[in-house]
Amino acid sequence: MNRLALLTGLAVTVFASQAIWVTFSPASSEVARELGVSKERVGLLALTYPALFLALTIPSGVLLDRNFRLWLAFGVVATGLSGTLRLIAPYSYLWLLACQLLGALGQPFLLNSFAPFASRVFPEKRGQVVAALSFAMYLGIIYALGTGYWIYTRLGLLWLITPIAIASLSGAILFLSSMKNLPLVRMGGESFLAELRLVASYRELWLLGVILGLGVALFDNMSIWLEPALSTVGMSDIAGLSVALALLLGLLGVAVIPGRIAAMGRRTLYIRIVSATAILVFLTLSLWTERLSIIALIPLLGLVMLPAYPIIMEWISTFYPKEMHGAASGFIGFVSRIFTVVLASIAVVFIDSPTSYFAFLSALSALALLTAMMLAPDK
């Protein structure tokens, strides 16, 4: 029961962290007018998260390996304060930016904790725990994006941030009050560079980072560029709906699929099947760009693709020593984010038509399948 309280506190904090990240995105234009700043400055609030994650993912992973209890608590407290302190001056842009930076500082410690938390606290249920934390991660994004515009336009800015403040504070209190159940494990000895060299020496981690990066890049691409690509054929109105349905079905997949795949020992096979499915989906959409095909196939892809993230995190917790779970998670996150940023920038070249855009995404999926074929088949 105490372990369950610890897991619940962490899951609620992860949910709050992701909700803090994109709180203002659904109503950025309206929020900008109320705060008296440009839309770009409101957009900067969300950009702090990927920017700091890229900078801190590897250091946070190493620190988690050195003193897991201390640095995970740091991530939880930073998130709790970030969400709660926004209530003090909700109409001050600079105050909101300061709180956002605090939350962005804590996020890498949370996301890189999935594998080490599962292996240290629930070694007998690693797959289920990683899936639960991944579920909370996706749910936080879906909650903020799905409800943000409605809450803001009907209830105002204060009500937009209040539920997230309650979640962040509740998660932090529950986690900290149960923290005595978190094993006090201090690793050490090797320098930061020595540990980084050790992690980088694993060819498999590079492959997993590339695969994860390509997968995240596909969804980031659709979130950013699907609407402009579809607008060229008069279908921009279904872009947001199809991505939202993909996230919702992906949430269902995260709840059901990872544990079963781990129990069967078919992680590599699943990643290969998902990559092949993505190739077929995007190739079909490039040749048959219709409302029905888009609304049906993109959500289907979300159902099978989003569970790949917890599967990869569980892979780390199962096949790598506990002493490097944090650093391995951080390393994979770093490699994947580089791919995400680069490919999201390149995609703008292909948005002149849905045919070229979906062909580009199909090519990325083919690269993911090629990389997955290099993984050990018996994992």
Checklist line | Intermediate values then yes/no, side-chain hydrogen bond (donor to acceptor under 3.5 Å, both in side chains), Gln100 and Tyr49 | finding: CA-CA 8 Å; Gln100 197 78 3; Tyr49 266 61; 5.2 Å; no
Next item on the list: Would you please name every residue forming a side-chain hydrogen bond (donor to acceptor under 3.5 Å, both in side chains) with Ser356, sequence neighbours left out?
Entry: Ser353
Note to self: Return the CE to CG distance between Met179 and Asn2, rounded to the nearest 0.5 Å.
What the structure shows: 14.0 Å
Next item on the list: Supply the atom-to-atom distance Thr355 OG1 to Phe350 CZ, rounded to the nearest 0.5 angstrom.
Entry: 13.0 Å
Next item on the list: Might you work through the side chain to side chain contact (heavy atoms under 4.5 Å, CB included) test for Phe53 and Ser60, ending with a clear yes or no?
Entry: CA-CA 9 Å; Phe53 188 91; Ser60 66; over 6 Å; no
Checklist line | Nearest atoms (heavy-atom pairs only) where Leu174 meets Ala5 | finding: CG-O, 3.5 Å
Margin query: Checking the side chain of Tyr270 only, and the main-chain atoms of Gly265 only, is there a donor and an acceptor separated by less than 3.5 Å?
Written below: no
Notebook entry, point to check: Between Ser82 (side chain) and Cys99 (backbone), is there a donor-acceptor pair under 3.5 Å?
Noted result: yes
Next item on the list: Indicate yes or no for a side-chain donor-acceptor contact from Ser170 to the backbone of Ala167 under 3.5 Å, with no hydrogens or angles considered.
Entry: no
Note to self: Per the ring pair (Phe, Tyr, Trp, His ring centres under 6.0 Å) rule, what does the pair list look like for residues 109-128, sequence neighbours excluded?
What the structure shows: Trp71-Phe109, Phe74-Phe109
Check: Does any non-hydrogen side-chain atom of Pro26 lie less than 4.5 Å from one of Trp150?
Finding: no
Notebook entry, point to check: Closest heavy-atom contact between Ala328 and Val199?
Noted result: CA-CG1, 4.0 Å
Margin query: Let me confirm one number: the CG-OG distance from Leu370 to Ser365, rounded to the nearest 0.5 Å.
Written below: 12.0 Å
Next item on the list: Compare all side-chain heavy atoms of Phe24 with those of Leu160 and state whether any distance is below 4.5 angstrom.
Entry: yes
Item checked: Nearest-0.5 Å distance that lies between atom CG in Leu52 and atom CG in Leu47 -> 11.0 Å
Note to self: Between Pro258 and Pro307, is there a side-chain heavy-atom distance shorter than 4.5 Å?
What the structure shows: yes
Check: Are Leu212 and Leu343 connected in the hydrophobic side-chain network, where two residues link if heavy atoms are under 4.5 Å apart?
Finding: yes
Item checked: Taking every non-hydrogen atom, the tightest pair across Tyr143 and Thr147 -> O-OG1, 2.7 Å
Check: Taking atom CZ of Arg291 as the centre, does the number of heavy atoms from other residues, nucleotides or ligands within less than 6.0 Å exceed 12?
Finding: yes
Check: Does the Ser119 side chain pair with the main chain of Pro116, one donor and one acceptor, at a distance under 3.5 Å?
Finding: yes
Next item on the list: Would you check, one step at a time, whether the test side chain to side chain contact (heavy atoms under 4.5 Å, CB included) holds for Leu56 with Leu105?
Entry: CA-CA 8 Å; Leu56 296 177; Leu105 193 63; 3.5 Å; yes
Item checked: From Ser178 atom OG to Leu7 atom CG, the distance as rounded to the nearest 0.5 Å -> 10.5 Å
Next item on the list: Measure across Thr268 and Ala372 and return the closest heavy-atom pair with its distance rounded to 0.1 Å.
Entry: CG2-O, 4.2 Å
Checklist line | Aromatic plane relationship, Phe331 with Trp206 - under 30° parallel, 30 to 60° tilted, over 60° perpendicular | finding: perpendicular
Notebook entry, point to check: After noting the C-alpha distance and the side-chain angles of Thr232 and Asp352, does the key distance pass the side-chain hydrogen bond (donor to acceptor under 3.5 Å, both in side chains) rule?
Noted result: CA-CA 7 Å; Thr232 61; Asp352 288 339; over 6 Å; no
Item checked: Closest non-hydrogen atom pair between Ile295 and Ile238, with its separation -> CD1-CG2, 4.0 Å
Next item on the list: Check whether Val210 and Val342 end up in the same hydrophobic cluster, where Ile, Leu, Val, Met, Phe, Trp and Tyr are linked by side-chain heavy atoms less than 4.5 Å apart.
Entry: yes
Margin query: Tell me the closest heavy-atom pair linking Trp21 and Ala46, and the distance in Å.
Written below: NE1-O, 3.1 Å
Notebook entry, point to check: Mind checking whether Leu245 and Ile298 have side chains closer than 4.5 Å, heavy atoms only?
Noted result: no
Checklist line | Heavy-atom side-chain contact between Thr79 and Ile20 under 4.5 Å | finding: yes
Check: Is it true that Leu158 and Ile166 fall in one hydrophobic cluster, defined by side-chain heavy atoms closer than 4.5 Å?
Finding: no
Note to self: Taking Leu369 as the starting point, is it possible to reach Leu300 by hopping between hydrophobic residues whose side chains are less than 4.5 Å apart?
What the structure shows: no
Item checked: Under 3.5 Å: donor-acceptor pair, side chain of Arg337, backbone of Leu54 -> no
Check: Do Arg86 and Thr23 have side-chain atoms, one donor and one acceptor, less than 3.5 Å apart?
Finding: yes
Next item on the list: Keeping the roles fixed (side chain from Asp65, backbone from Gly326), state whether a donor-acceptor pair exists under 3.5 Å.
Entry: yes
Notebook entry, point to check: Does Ser168 reach the side chain of Thr13, with side-chain heavy atoms less than 4.5 Å apart?
Noted result: no
Next item on the list: Kindly say whether Val14 contributes a backbone atom to a donor-acceptor pair with the side chain of Ser17 at under 3.5 angstrom?
Entry: no
Note to self: Apply side chain to side chain contact (heavy atoms under 4.5 Å, CB included) to residues Ile316 and Ile332 and explain how you reach the verdict.
What the structure shows: CA-CA 10 Å; Ile316 293 172; Ile332 284 180; 3.4 Å; yes
Checklist line | side-chain hydrogen bond (donor to acceptor under 3.5 Å, both in side chains) partners for Tyr93, two or more places apart | finding: none
Without placing hydrogens or testing angles, list every side-chain donor-acceptor pair under 3.5 Å for residues 127-139, not counting sequence neighbours.
unit_1 : atom_1 : unit_2 : atom_2 : d
Ser134 : OG     : Val130 : O      : 2.8
Tyr138 : OH     : Leu306 : O      : 3.3

Margin query: How long is the straight-line distance from OG1 of Thr57 back to CZ of Phe334, given to the nearest 0.5 Å?
Written below: 8.5 Å
Do any side-chain atoms of residues 277-286 form donor-acceptor pairs under 3.5 angstrom with protein atoms, and if so which ones, sequence neighbours left out?
unit_1 : atom_1 : unit_2 : atom_2 : d
Thr277 : OG1    : Ile273 : O      : 2.8
Thr284 : OG1    : Leu280 : O      : 2.6
Ser286 : OG     : Leu283 : O      : 2.7

Margin query: Just so I know, are the side chains of Lys39 and Arg33 near enough to count as touching, which here means a heavy-atom distance under 4.5 Å?
Written below: no
Notebook entry, point to check: Would Thr8 and Phe175 count as a side chain to side chain contact (heavy atoms under 4.5 Å, CB included) if you check the C-alpha gap in whole Å, the side-chain angles of each, and the deciding distance to 0.1 Å?
Noted result: CA-CA 8 Å; Thr8 303; Phe175 180 88; over 6 Å; no
Note to self: Any heavy-atom pair between the side chains of Val335 and Leu208 that's under 4.5 Å?
What the structure shows: no
Note to self: With clusters defined by side-chain heavy atoms of hydrophobic residues (ILVMFWY) lying less than 4.5 Å apart, directly or transitively, does Val233 cluster with Leu287?
What the structure shows: no
Item checked: Residue pairs involving residues 307-320 (criterion side chain to side chain donor-acceptor pair (under 3.5 Å); sequence neighbours excluded) -> Arg126-Thr318, Glu204-Trp315, Glu204-Tyr320, Arg267-Glu314, Glu314-Thr318
Notebook entry, point to check: Would Arg154 and Glu30 pass as an ion pair if we require N to O under 4.0 Å?
Noted result: no
